[in-house]
Number of protein chains: 2
Amino acid sequence: MEGGARETGNPLLFLTDEQLRKGIEAMFFAYRGFTADPDRILSDIAYGRAHHRAIHFIHRSPGGTVNNLLAILGVTKQSLNRVLRGLMEDGLVRSEIGKRDKRERHLYLTEAGEALERQLSDAQRDRMRAAYRAAGPEAVTGFRQVLEAMMDEDMRNRYDALKDLKG
Amino acid sequence: MEGGARETGNPLLFLTDEQLRKGIEAMFFAYRGFTADPDRILSDIAYGRAHHRAIHFIHRSPGGTVNNLLAILGVTKQSLNRVLRGLMEDGLVRSEIGKRDKRERHLYLTEAGEALERQLSDAQRDRMRAAYRAAGPEAVTGFRQVLEAMMDEDMRNRYDALKDLKG
DNA sequence: ATAATACGTCAGCTTTGTTGACATTCCAAG
DNA sequence: CTTGGAATGTCAACAAAGCTGACGTATTAT
């Protein structure tokens, strides 16, 4: 027999269905807040979340290939290509043919792209900063621990890979 | 100076742009995991996330009105109606005309609806439980604190209103 | 009586995802 | 050098789920 209220005194009360449900609903409502500010900015310029994600990750690892980005985002190349085409037509993203492997396209933000990225991530960071500040450093540690434990294996790998770039 | 912004001395290191960016990316990848299991189940039966949300919140407050659900989900009535119609045609949701106010429709899950809800929330809870267990009770407290601080005002109100139902 | 509310519905549009098919370009192996 | 396969791009068609706007019908409130 495992599980259950075995420890001393306080027995896994944080694992009740009630607690889990609250966590699930907190995640749902919080994610709305998380995306609300960028969504507002983007709707003004006829872009959506997909554009935001592409911009974010191109900014994070400039010179990454299309395949790389595809793996991070987890969408089909057709879907990404549509978004990327729009961004390139609007002069926010440029692609360079690879030197070692000329099949590959290396993606970069243009200055205009960087400017939009800054605008979007400033908004999103502001909210995150306010939440972090309100909750305090220990809460932030716990927040990150739970989120990381919630990821799929391959998601965590992608996340960790990004973490190593600058962080 | 190194990590671990604690109370004394070390001021707000957890609020650096790097920390915030990691939080943003953690949120992005974790939300994927959060929805992955229900998504898999739903795709087998030609439903999507919108159906899941409707089912979840009808289960949470049975007998709630359409307007009520609309407020929680934050979508248009046309969008919700499409989903609801499908669920009712498939016998997962039923609606009752209000007794006090006959304009209102009160929504309930049928037995089949409850069964699907259980299947979905079991899957989602399993993952949440694993994450909670891996991170520990203190992390869970922090997790919830940050998420709640991240919500918009009205989102928090909706979240709190649901919390009061059973929790 | 009239206005407002709650709900449903039709029509049309957008974003973002999906499959499937196919062409091009290029690297690498035989 | 030829050929197979990988990386990329693109066309077409489609679906889920959001949106706006307009309209209809009960029902309730003023």
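Below, chains carry the letters A, B, ... as their sequence lines are ordered, and counting in each starts from 1.
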side-chain contact (heavy atoms from CB on, under 4.5 Å) between B/Leu120 and B/His56, intermediate numbers included: CA-CA 9 Å; B/Leu120 292 168; B/His56 176 94; over 6 Å; no
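Separation of the A/Phe57 and B/Phe28 ring centroids falls under the 6.0 Å cut-off.
Whole-Å rounding puts the A/Asn67 CG to D/dG9 P distance at 9 Å. What separates CD of B/Glu96 from P of D/dT27 is a distance of 16 Å, to the nearest Å. When rounded to the nearest whole Å, the span between CD of B/Glu104 and P of D/dA29 equals 10 Å. One interatomic measurement links the two molecules: CG of A/Asn81 to P of C/dT16, which rounds to 14 Å at whole-angstrom precision. Rounded to whole Å, atom P of D/dT8 lies 12 Å from atom CD1 of A/Ile97. Protein atom CG of B/Leu70 is 8 Å distant from nucleotide atom P of C/dC7, rounded to whole Å. B/Leu80 has its CG atom 12 Å from the P atom of C/dT9, to the nearest Å. A straight line from CD1 of A/Ile45 to P of C/dT14 spans 17 Å, rounded to a whole angstrom.
You'll find a donor-acceptor pair under 3.5 Å spanning the side chain of B/Arg103 and the base of C/dT5, going by distance alone. Counting distance only, with no hydrogens placed and no angle test, the side-chain atoms of B/Arg82 and the base atoms of D/dG18 include a donor-acceptor pair under 3.5 Å. Contact of A/Lys102 with C/dT25 (side chain to base): no donor-acceptor pair of N or O atoms is detected under 3.5 Å. At a cut-off of 3.5 angstrom, counting only N and O atoms as typed in the model, there is a donor on one side and an acceptor on the other between the side-chain of B/Gln78 and the base of D/dG21.
If you find the closest nucleotide of DNA chain C to B/Val66 and to A/Asp101, the one lying nearer the 5' end belongs to B/Val66. Comparing A/Ala46 and B/Asn68, the nucleotide of DNA chain C nearest to each residue sits closer to the 5' end for B/Asn68.
Heavy atoms of B/Gly74 sit under 4.0 angstrom from primed sugar atoms or phosphate atoms, though from no base atom. Nucleic acid contact for B/His106: none, since no nucleic acid atom lies under 4.0 Å from a heavy atom of the residue.
Two residues are said to be in side-chain contact when any heavy atoms from C-beta on lie closer than 4.5 Å; B/Arg133 and A/Leu15 meet this criterion. Put simply, the side chain of A/Asp152 reaches to within 4.5 Å of the side chain of B/Arg127, judged on heavy atoms.
Taking only side-chain nitrogens and oxygens, B/Thr76 comes nearer than 4.0 Å to OP1 or OP2 of D/dC19. Contact annotation: B/Arg53 reaches the phosphate of D/dG18 (side-chain N/O to OP1 or OP2, under 4.0 Å). For B/His51 and D/dA17, the shortest distance from a side-chain N or O to OP1 or OP2 is below 4.0 Å.
Counting only heavy atoms from C-beta on, B/Arg105 has its side chain closest to C/dC7 among C/dC7, C/dT16, D/dT10. Of all nucleotides listed (C/dC7, D/dA17, D/dT8), D/dA17 comes nearest to the side chain of B/Ser79.
Every residue two or more places apart in sequence or in another chain was checked for a side-chain hydrogen bond (donor to acceptor under 3.5 Å, both in side chains) with B/His52, and none qualifies.
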